[in-house]
Amino acid sequence: MSEVLLTETFRSTSGDVRWGRVGEDGQEPVVLCHGTPFSSYVWRGIAQALAGTGRYQVFVWDMPGYGESDMHTGQDVSLAAQGRVLAELLTRWELHEPSVVAHDFGGAVSLRAHLLHGARYRALALVDPVALAPWGSPSFRLLGRHADVFEQLPSALHRALVREYVSSVGGPGLHPAVIDRLVEPWLGEHGQSAFYRQIAQADQAHTDEIQDRYGEIGIPVLVCWGEDDGWIPLAKGRELAARIPGARFEPITSAGHLVQEDNPAELTAVLMDFLREHAA
């Protein structure tokens, strides 16, 4: 699976955002949003599959503070900031009503952009999203409370911690090469600081602010969930779908939290069916 190259840069209110697109101009736009501690890399196969149908132009981006995008001291990488950035990007791309597919923190980002910043979507697919309290594993909360301490770990110990953290997503387990690729942006002086910065700024208040408004969502919504998610229980997916009028719930077999890696074929099929159903 070849990656979608992030060849473009957008100067957002939270730093430079690297982004790319695949597929022909004029086709139906689909925006893919990643979560934490990941990047647009996790969407590489699904982006190419959607573009390969000839029906979609797919946009991918790394959130500020993630992947290839800007990482700097004092950066606001909170869910509140990322929601604003997504709304800014849609304006930059001149996408007035794209379909959006969002995973993990990207789910909260897309929901905030829609409910708080007026971003309009044709349809929204949420894949194991962070959307309902409580969220954050004990390890995640520990790292967030003591980010200043963990940031000072020797580089080898930091690398081992991030690898272990990424590997805890549940499901059949990630290929070592995939783990390497997911860990790599968080290494080095800037990456190590950025890893703990984004965890320290992960505030449940940013989903508390919107979760009672999910009943206002009036667009088609699909909620997909890895049945073996090691980070957010499957029951949260059912609860979220029940809160959104008309939402469709699809459990994905043989998959943990990172469904895109564990069962890309089933997830792609479900997403394509949903996008076709709600095409322009």
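Annotation: salt bridge (Lys or Arg N to Asp or Glu O under 4.0 Å) contacts of Glu277 (sequence neighbours excluded): Arg248. Contacts of Tyr165 classified as ring pair (Phe, Tyr, Trp, His ring centres under 6.0 Å), with partners at least two apart in sequence or in another chain: Trp231. Residues satisfying the side chain to side chain donor-acceptor pair (under 3.5 Å) criterion with Thr13, sequence neighbours excluded, are Glu88. The ring pair (Phe, Tyr, Trp, His ring centres under 6.0 Å) check on Trp186 picks up Tyr66, Phe195, with sequence neighbours excluded. Applying the salt bridge (Lys or Arg N to Asp or Glu O under 4.0 Å) test to Asp208 and every residue at least two apart in sequence or in another chain returns nothing. Shown here are the salt bridge (Lys or Arg N to Asp or Glu O under 4.0 Å) partners of Arg92, two or more places apart in sequence or in another chain: there are none. Judged as a salt bridge (Lys or Arg N to Asp or Glu O under 4.0 Å), and not counting sequence neighbours, Arg159 has no contacts. Looking at residues two or more places apart in sequence or on another chain, you find no side chain to side chain donor-acceptor pair (under 3.5 Å) involving Arg122. Phe249 is linked by a ring pair (Phe, Tyr, Trp, His ring centres under 6.0 Å) to nothing, counting only residues two or more places apart in sequence or in another chain. Applying the ring pair (Phe, Tyr, Trp, His ring centres under 6.0 Å) criterion to Phe140, with sequence neighbours excluded, gives no partner residue.
For the salt bridge (charged side-chain N to carboxylate O under 4.0 Å, His left out) condition, no pair includes a residue of residues 187-203, sequence neighbours left out. Counting only residues at least two apart or on different chains, no salt bridge (charged side-chain N to carboxylate O under 4.0 Å, His left out) pair has a member in residues 138-154.
Centroid-to-centroid, the aromatic rings of Phe10 and Trp19 stay 6.0 Å apart or farther.
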